[in-house]
Amino acid sequence: MPNPKAELSERIHEWITLHRDAGTALLQQMVRIASTQGNEKEVQLLVADQLRGMRMDVDMWEPDGEELADHPYFCSPRSHFAGSPNVVGVMKGTGGGRSILLNGHVDVVPEGQRNQWAHDPYSGEVVDGKLYGRGSTDMKGGNTALLLALGAIQGVGLKLKGDVIFQSVVEEESGGAGTLAAILRGYRADAALIPEPTNFRIFPKQQGSMWFRIEVKGRSAHGGTRYEGVSAIEKSVKVIQHILELEKERNTRITDPLYANNPIPIPINLGVIQGGNWPSSVPDTVKLEGRMGVAPEEMLQDAKEEMLNWLEQLKEADPWFAEHPPELEWYGAQWVPGSVDPEHPLMQVLMQQFRAVKQEEPVIEASPWGTDGGLLTQLGDTPCIVFGPGITEVAHYPNEHIVLEDVFKAAEIIALTLIDWCGFDRMEA
């Protein structure tokens, strides 16, 4: 007897195989556009053309900086988004199926020193099955996989029952203002998928993070009589040690098996230290800046309060801090954590299709970094799973690249997942 599911899977596989060259060319076009912050419009116009070519309803708009500024989850180094539009395409279903939101960002981090690249960072050059360029793995390769998946579904004559909402957003690298703007515009679905570079691992949970700044105070004096002053550098050592104890305390509470392979699930990283202004003077201030990891089920505000309370305990170890407490400030970027039950129906569908295509068991973990998934899950009431092609360890690095075969495999898995999740009305001969 014919097996309709096997026949459908084969047709999806054949369509993607026939369109590999077109998929590669599309990814090259995207990578060749240097869509750093403020320069996303050209690549978004390309994405919009792709969506219109699939007869999707396209919505393209520049986020409203004033509207976003009033929201507690907004963070960005800029307040105006002229030249940085979001693009959303909606593939309306025939009705009666579950909807899904597909979210990918087009903003890329700067390329850094070009002499560290073996190929031009915006060349899209293909060597030994790998496509090189800034943004190839983070995350234009994942975006291309989404577009190929949608193209395959249409190409084999399927009409899905549930709506598919494709979002191409800006500002993910700076904290998610693009996705926040899309949520405030009203886009929601029964579930969401973000194809960030997970190297085919499936992340139902994503760590959040926040940037902080701490000013440590001392008292200035001449270096020849330094005993008359109080060194902010020496006091900052105590602050740093105290923060590392907080990191240890917070991580002892993480028992989630999805973090079993992560030695520090929610790190507190101190990335900047600045202090003193003259070798012969006792330094009176030191500035520490860092990143605080936030657990998937934790609220940002709760993590902030724990850091503040922890720093207040310094006075018990050193009386200096009773009169001169460190000043804590939260600034810059933040990523909202997200958590979806590993038993969520979309997880089960995705795992099933992963096994069918890859012929192996998927690895289920919690992500060690933030994504826009937390915003979709917490604020957008759209449970989000992160899964995609690309290797995290080459994102943001010189010689960033993606294995093209992985893009096509991801497209196949995602196409079959959409079909199973949304249901389909018919398949043309």
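We're numbering straight along the sequence, starting at 1. Here the structure is a predicted model, which means the values were calculated and not measured. When reading the values below, keep in mind they use all heavy atoms of this one structure, side chains included, and skip hydrogens, waters and symmetry mates.
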**Q** Could you check K238 against H242 for side chain to side chain contact (heavy atoms under 4.5 Å, CB included), going step by step and ending with a plain yes or no?
**A** CA-CA 6 Å; K238 293 188 177 183; H242 194 60; over 6 Å; no

**Q** Measure the acute angle between the ring planes of W211 and Y331, then classify it against the limits of 30° and 60° as parallel, tilted or perpendicular.
**A** tilted

**Q** Among residues two or more places apart or on two chains, list those pairs meeting ring-ring contact (aromatic ring centres under 6.0 Å, His included) that have a residue in residues 89-119.
**A**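 Matches after skipping sequence neighbours: H119-Y132.
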
**Q** If only atom types and distance count, is the side chain of E111 paired as donor or acceptor with the main-chain N or O of R134 below 3.5 Å?
**A** no

**Q** Are the side chain of N399 and the backbone of A118 linked by a donor-acceptor contact shorter than 3.5 Å?
**A**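 Confirmed, N399 side chain pairs with A118 backbone.
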
**Q** Hey, what do you get for CD1 (I264) to CD (E247), rounding to the nearest 0.5 Å?
**A**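 Spacing of CD1 (I264) from CD (E247) equals 4.5 Å.
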
**Q** For A303 and V294, work out which heavy atoms get closest and say how close.
**A**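 What the structure gives for the nearest pair is CB-CG2, 4.2 Å.
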
**Q** With a sphere of 6.0 Å drawn around NE2 of H80, does it hold more than 12 non-hydrogen atoms of other residues, nucleotides or ligands?
**A** no

**Q** Are any of the side-chain heavy atoms of P362 and F387 separated by less than 4.5 Å?
**A** no

**Q** Using the rule side chain to side chain contact (heavy atoms under 4.5 Å, CB included), only one of I194, D372, L375 pairs with E172; which is it?
**A**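 Of all the options given, the one that passes is D372.
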
**Q** What I'd like to find out is whether the side chain of P72 reaches to under 4.5 Å of the side chain of Q301, using heavy atoms alone.
**A**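 Not in contact.
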
**Q** How far apart are the C-alpha atoms of E297 and S339, what are their side-chain angles, what is the distance that settles it, and do they pass the side chain to side chain donor-acceptor pair (under 3.5 Å) test?
**A** CA-CA 6 Å; E297 288 85 6; S339 179; 2.8 Å; yes

**Q** So do M54 and L147 actually touch side chain to side chain, heavy atoms under 4.5 Å?
**A**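 They are in contact (side-chain heavy atoms under 4.5 Å apart), so the answer is yes.
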
**Q** For salt bridge (charged side-chain N to carboxylate O under 4.0 Å, His left out), just list the numbers for E245 and K248, CA-CA rounded to whole Å, side-chain angles, deciding distance to a tenth of an Å, and then say yes or no.
**A** CA-CA 5 Å; E245 286 299 315; K248 187 183 299 182; 3.6 Å; yes

**Q** How far apart are the closest heavy atoms of G332 and C75, and which atoms are they?
**A** O-CB, 3.4 Å

**Q** I'd like to know if E360 and K409 make a salt bridge, using a cut-off of under 4.0 Å between side-chain N and carboxylate O.
**A** no

**Q** Heavy atoms only: give me the nearest W61-A182 pair and the separation to one decimal.
**A**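 Residues W61 and A182, closest heavy atoms: CZ2-CA, 3.8 Å.
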
**Q** Going by the angle between their ring planes, with limits at 30° and 60°, are H19 and W15 parallel, tilted or perpendicular?
**A** parallel

**Q** Surrounding CG of D341 (heavy atoms of other residues, nucleotides or ligands, distance under 6.0 Å), is the total greater than 12?
**A**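 Count over threshold, so yes.
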
**Q** Check for a donor-acceptor pair, side chain of T252 on one end and backbone N or O of E249 on the other, with a separation under 3.5 Å.
**A** yes

**Q** I would like to know whether L158 and L8 meet side chain to side chain contact (heavy atoms under 4.5 Å, CB included); could you show each step before the answer?
**A** CA-CA 10 Å; L158 287 186; L8 179 54; 3.8 Å; yes

**Q** Before giving the answer on side chain to side chain contact (heavy atoms under 4.5 Å, CB included), spell out for V363 and F200 the whole-Å C-alpha distance, their side-chain angles and the decisive distance to 0.1 Å.
**A** CA-CA 8 Å; V363 175; F200 286 108; over 6 Å; no

**Q** Could you tell me if E400 and T137 have a donor-acceptor pair between their side chains, going purely by distance under 3.5 Å?
**A** no

**Q** Under a 3.5 Å distance rule, please check whether D190 uses its side chain to pair with a backbone N or O of S99 as donor and acceptor.
**A** yes

**Q** Looking at G162, is its backbone amide N or carbonyl O close enough to the side chain of R98 to form a donor-acceptor pair, meaning the two atoms are under 3.5 Å apart?
**A** no

**Q** Donor-acceptor pair, E173 side chain versus V109 backbone, under 3.5 Å?
**A**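 A pair under 3.5 Å: no.
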
**Q** Could you give the distance from CG (N39) to CD1 (I33), rounded to the nearest 0.5 Å?
**A**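 If I round to the nearest 0.5 Å, the distance is 11.0 Å.
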
**Q** Salt-bridged, E62 to K41, with N to O below 4.0 Å?
**A** no

**Q** Give the minimum heavy-atom separation between A411 and A145, together with the two atoms involved.
**A** CB-O, 3.5 Å

**Q** Is there side-chain contact between R114 and D120, with heavy atoms separated by less than 4.5 Å?
**A**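 Of all side-chain heavy-atom pairs linking D120 with R114, at least one is under 4.5 Å.
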
**Q** From I266 CD1 over to I254 CD1, what is the distance, rounded to the nearest 0.5 angstrom?
**A**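 Result: 4.0 Å between the selected atoms.
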
**Q** Take a 6.0 Å sphere around CG of N115 and say whether it holds more than 12 heavy atoms from other residues, nucleotides or ligands.
**A** yes

**Q** Are Q44 and S168 close enough that a side-chain donor and a side-chain acceptor fall under 3.5 Å?
**A**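 Checked: Q44/S168 side chains pair up, N/O donor to acceptor below 3.5 Å.
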
**Q** Do the side chains of N86 and P63 get nearer than 4.5 Å, heavy atoms only?
**A** yes

**Q** To the nearest 0.5 Å, what is the distance between CD (E215) and NE2 (H324)?
**A** 12.0 Å

**Q** Quick one: are V90 and M56 in side-chain contact, heavy atoms under 4.5 Å?
**A** no

**Q** Salt bridge check: are E42 and R32 linked by an N-O gap of less than 4.0 Å?
**A**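 Here E42 does not pair with R32 in a salt bridge, since their nearest N and O are not under 4.0 Å apart.
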
**Q** Does R213 reach the side chain of K287, with side-chain heavy atoms less than 4.5 Å apart?
**A**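 With C-beta onward as the side chain, the pair touches.
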
**Q** How about NZ on K92, more than 12 heavy atoms from neighbouring residues, nucleotides or ligands closer than 6.0 Å, or not?
**A**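 Result for NZ/K92: open.
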
**Q** Heavy atoms, side chains only, cut-off 4.5 Å: are T198 and S367 in contact?
**A**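 No; the side chains remain at least 4.5 Å from each other.
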
**Q** What closest approach, in Å, do P326 and L314 show between heavy atoms, and which atom pair accounts for it?
**A**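 Looking at all heavy atoms of both residues, the shortest contact is CG-CD1, 3.7 Å.
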
**Q** How about NZ on K358, more than 12 heavy atoms from neighbouring residues, nucleotides or ligands closer than 6.0 Å, or not?
**A** yes

**Q** Keeping the roles fixed (side chain from D163, backbone from G93), state whether a donor-acceptor pair exists under 3.5 Å.
**A**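 Pair found, side chain donor or acceptor close to backbone of G93.
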
**Q** Donor-acceptor check, side chain of R250 to backbone of G293, threshold 3.5 angstrom: yes or no?
**A** yes

**Q** Looking at T392 and P197, would you say the former's side chain and the latter's main chain have a donor-acceptor pair under 3.5 Å?
**A**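 Looks like yes, one N/O pair under 3.5 Å.
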
**Q** Roughly how far, to the nearest 0.5 Å, is the CG atom of L146 from the CG atom of L418?
**A** 8.0 Å

**Q** Applying side chain to side chain contact (heavy atoms under 4.5 Å, CB included) to M60 and L45, what does each step give before you reach the verdict?
**A** CA-CA 9 Å; M60 187 171 182; L45 289 171; 3.6 Å; yes

**Q** Which atoms form the tightest heavy-atom contact between R185 and D59, and what is the distance?
**A**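 Minimum heavy-atom separation between R185 and D59: NE-OD2, 2.8 Å.
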
**Q** What do the steps show when you test T371 against E196 for side chain to side chain donor-acceptor pair (under 3.5 Å), and what is the final call?
**A** CA-CA 8 Å; T371 73; E196 287 275 12; 5.8 Å; no

**Q** Is D284 reaching over with its side chain to a backbone N or O of A232, donor-acceptor style, under 3.5 angstrom?
**A** no

**Q** What is the distance from atom CG of L350 to atom OG1 of T417, rounded to the nearest 0.5 Å?
**A**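 That separation rounds to 4.5 Å.
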
